[in-house]
Amino acid sequence: MAIASPSTPSFSASFCCTRTESTRFTRFTSTALTLSHRNRPLSQRLTVSSRLNSSKSSGAGGFVSPDNGDLQYELQHGFSPQRWKGSPVFVTLPVDAVTPSGQFRRRKVMVQSFRALAAAGVEGVVMEVWWGLVESDAPKVYNWQGYLEIVALARRCGLKVRAVMAFHQCGTGPGDPYWIPLPQWVCEEIDKDPDLAYSDRFGRRNMEYISLGCDILPVLRGRSPIQAYTDFMRNFRDTFRPFLGVIITGIQVGMGPGGELRYPSCPSQKLAWAWRSRELGEFQCYDKYMLASLNACAREIGMREWGNGGPIGAGNLMHDHEQTEFFKSINGSWNTPYGKFFLEWYSGMLLLHGERICREAGTIFRGTEVNTSAKVAGIHWHYGTQSHPSELTAGYYNTSIRDGYLPIARMFGRYGFTLCCTCFEMQDANEKQMNPVSSPEGFLRQLLLAARICDIPLEGENSAASLDDDSFQQVLKMSKFYSDGLEKPSFSFNFVRMDKNLFEYHSWVRFTRFVRHMSDANIFRAKLDYGGNTCLYSTLNAAKVGLAFALAASSRYHHQA
């Protein structure tokens, strides 16, 4: 369904979850209002008819088939256990939830999965809305069909939605099963003008995200990149307006590679590799637009020779930082007048990019009752050094003598944005075995303190694909580090991401236990309707219902594999 102008979905939004939670951040509070009668709260009910026959369901590693009569259910008007305190948990959907043609993929699997998440007490799902899929064919021609279907399913299951405006590339190339490039017409413009892509000193281009050096230049068929992002978000708002603030309660705005506010100093796929611990990264300032800005700044202070490119002596990607002229601890040029000039310009350009997008997003979504957020990368593998080289090349001017994250938090705070960050499950003890100068906990503590100082809400994420009990405990530990001492903390967690492994028995037990701990509730109170009778389900009974849904979802995942 390609649309060139704003339109409203054909189905009506008559449901929303009830959540009354007092916080200092009004953007995190949503009121249960129907769209047609905004002064009347909407009740939730779940009609469940389930028959769990232990003699037919396999115990260890077995599955309950949704078609064999062991599980029969019907969801009416949506269901979500109510939570009065604690931190809500969201689950990020699979990257390929929507096909390249814009269709909702694996519908039956998703139905089972959403029901399992709702029964487990999950608050909602995170839906990545890919620029490369929605506006692929031509400028200002948008296809939202698959995403409309996801929101409709979430509404039926009583789940909320966080939508990520994903303006970046996903995957490594056409052979990658999760390959989602930038829109085709954008790629054609980059072919005509390669400087629209970031470049390092070796001339290597990075196509993950358009260079911020041309943010406000009309390089995309008469529009600037900022205008293209703005038009995309505005059309999203107009198309999904009936759901905003009711079902869609959060908008995370992508600001760079991986959706993070950073430069592609290291290709995103490398960030998950085991040997990343020595990756210095490369400064991304060699396309003609970035160079023009650098040159102008250097001329302005009367130092023309500083405007010809990035630092000399920064080493190679895998170089020992102590063997480089720029990053070495003693007498490194990062701590000279030239180094300070360059790093202030480089990080300042990134902050300006973030500010431009925050300003546009804030204007577009003002009055919709959605929470806006943006993400900061967890670049921690040189955190224990003086110069923090991998953070510097990513655009974070953070060293042993300078706080590079406080300016970002202040910028988000000015526009009412929530700060999203990753690495919540990572522990120094494990990382230091591979790299003694890495410190994910040190990085995260610094970022969380910046959020506390600026009084902004926080969204946490995990970086690993699967989490064990120790990892979940680490998430709880770091969330408490942020929340302790705050009168009314506002913290939530995005679990990345939903796949078939999540619904395997032992993984699901660990995950649901984590959700309960995050919610800090002894009882999930679900209003269940059996012919008009209302009852309160204990944690055990809610877990049984959720497990049945999870096993059904796992069965369908394996059936389609």
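Index from 1, following the sequence.
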Do any N or O atoms from the side chain of Asn494 and from the backbone of Val496 form a donor-acceptor pair under 3.5 angstrom?
no

Is there side-chain contact between Val95 and Cys170, with at least one heavy-atom pair below 4.5 Å?
yes

Counterpart residues, side-chain hydrogen bond (donor to acceptor under 3.5 Å, both in side chains), relative to Ser466 (two or more places apart)
none

Using modelled atom types only, decide if a donor and an acceptor are shared between the side chain of Glu425 and the backbone of Ser463 within a distance under 3.5 Å.
yes

Sorted by chain and residue number, the salt bridge (Lys or Arg N to Asp or Glu O under 4.0 Å) partners of Glu128 (sequence neighbours excluded) come out as Arg497

Residues Arg115, Val111; criterion side-chain contact (heavy atoms from CB on, under 4.5 Å); working and verdict
CA-CA 6 Å; Arg115 286 168 170 167; Val111 169; 3.4 Å; yes

Could you tell me whether the side chain of Ser483 reaches within less than 4.5 Å of the side chain of Leu458, counting heavy atoms only?
no

Main chain of Gln103, side chain of Thr99: is a donor-acceptor contact present, judged purely on distance under 3.5 Å?
yes

Verdict with reasoning, Met411 to Phe417, per side-chain contact (heavy atoms from CB on, under 4.5 Å)
CA-CA 8 Å; Met411 184 260 291; Phe417 267 56; over 6 Å; no

Return the set of residues passing salt bridge (Lys or Arg N to Asp or Glu O under 4.0 Å) with Arg237 (not counting sequence neighbours), or none when no residue passes.
none

Contact list for residues 505-515, test salt bridge (Lys or Arg N to Asp or Glu O under 4.0 Å), sequence neighbours left out
Asp469-Arg513

Rounded to the nearest 0.5 Å, what separation is found between the CE atom of Met165 and the CD atom of Gln252?
9.5 Å

What residues form a side-chain hydrogen bond (donor to acceptor under 3.5 Å, both in side chains) with Tyr383, not counting sequence neighbours?
Gln446

Exam field: side chain Ser507 to backbone Asn501, donor-acceptor pair closer than 3.5 Å:
yes

Residue pairs involving residues 425-465 (criterion ring pair (Phe, Tyr, Trp, His ring centres under 6.0 Å); sequence neighbours excluded)
Tyr405-Phe443

Report yes if some heavy atom in the side chain of Gln474 is under 4.5 Å from a heavy atom in the side chain of Met478; otherwise report no.
yes

Partners meeting ring pair (Phe, Tyr, Trp, His ring centres under 6.0 Å) with Phe472 (sequence neighbours left out):
Phe514

Mind checking what makes salt bridge (Lys or Arg N to Asp or Glu O under 4.0 Å) contact with Glu461, not counting sequence neighbours?
Lys375

With sequence neighbours left out, write down each residue that passes salt bridge (Lys or Arg N to Asp or Glu O under 4.0 Å) with Lys432, or none if nothing qualifies.
none

Residue pair Leu502 / Phe495, side-chain heavy-atom distance below 4.5 Å:
yes

Could I get the full list of side-chain contact (heavy atoms from CB on, under 4.5 Å) partners for Asp96, not counting sequence neighbours?
Pro94, Arg105, Arg106, Tyr178

Parallel, tilted or perpendicular for Phe491 and Phe493, by the 30°/60° rule?
tilted

Verify side-chain contact (heavy atoms from CB on, under 4.5 Å) between Val129 and Trp144, making sure each step is shown before the conclusion.
CA-CA 9 Å; Val129 183; Trp144 305 105; 3.5 Å; yes

Looking at residues at least two apart in the chain, or sitting in another chain, which of them share a side-chain contact (heavy atoms from CB on, under 4.5 Å) with Ser390?
Ile379, Trp381, His382

Sequence-distant partners of Ser439, side-chain hydrogen bond (donor to acceptor under 3.5 Å, both in side chains), two or more places apart
Asp428

Angle class for the Phe240/Phe236 ring planes (parallel below 30°, perpendicular above 60°, tilted otherwise)?
parallel

Does His168 use its side chain to pair, donor to acceptor, with the backbone of Tyr209 at less than 3.5 Å?
no

Using atom types as modelled and distance alone, determine if a side-chain donor or acceptor of Tyr147 lies under 3.5 Å from a backbone N or O of Trp130.
yes

Does a donor on one side chain sit under 3.5 Å from an acceptor on the other, for Ser492 and Arg162?
yes

If you measure from the Lys or Arg side-chain nitrogens to the Asp or Glu carboxylate oxygens, is any gap between Arg445 and Glu441 under 4.0 Å?
yes

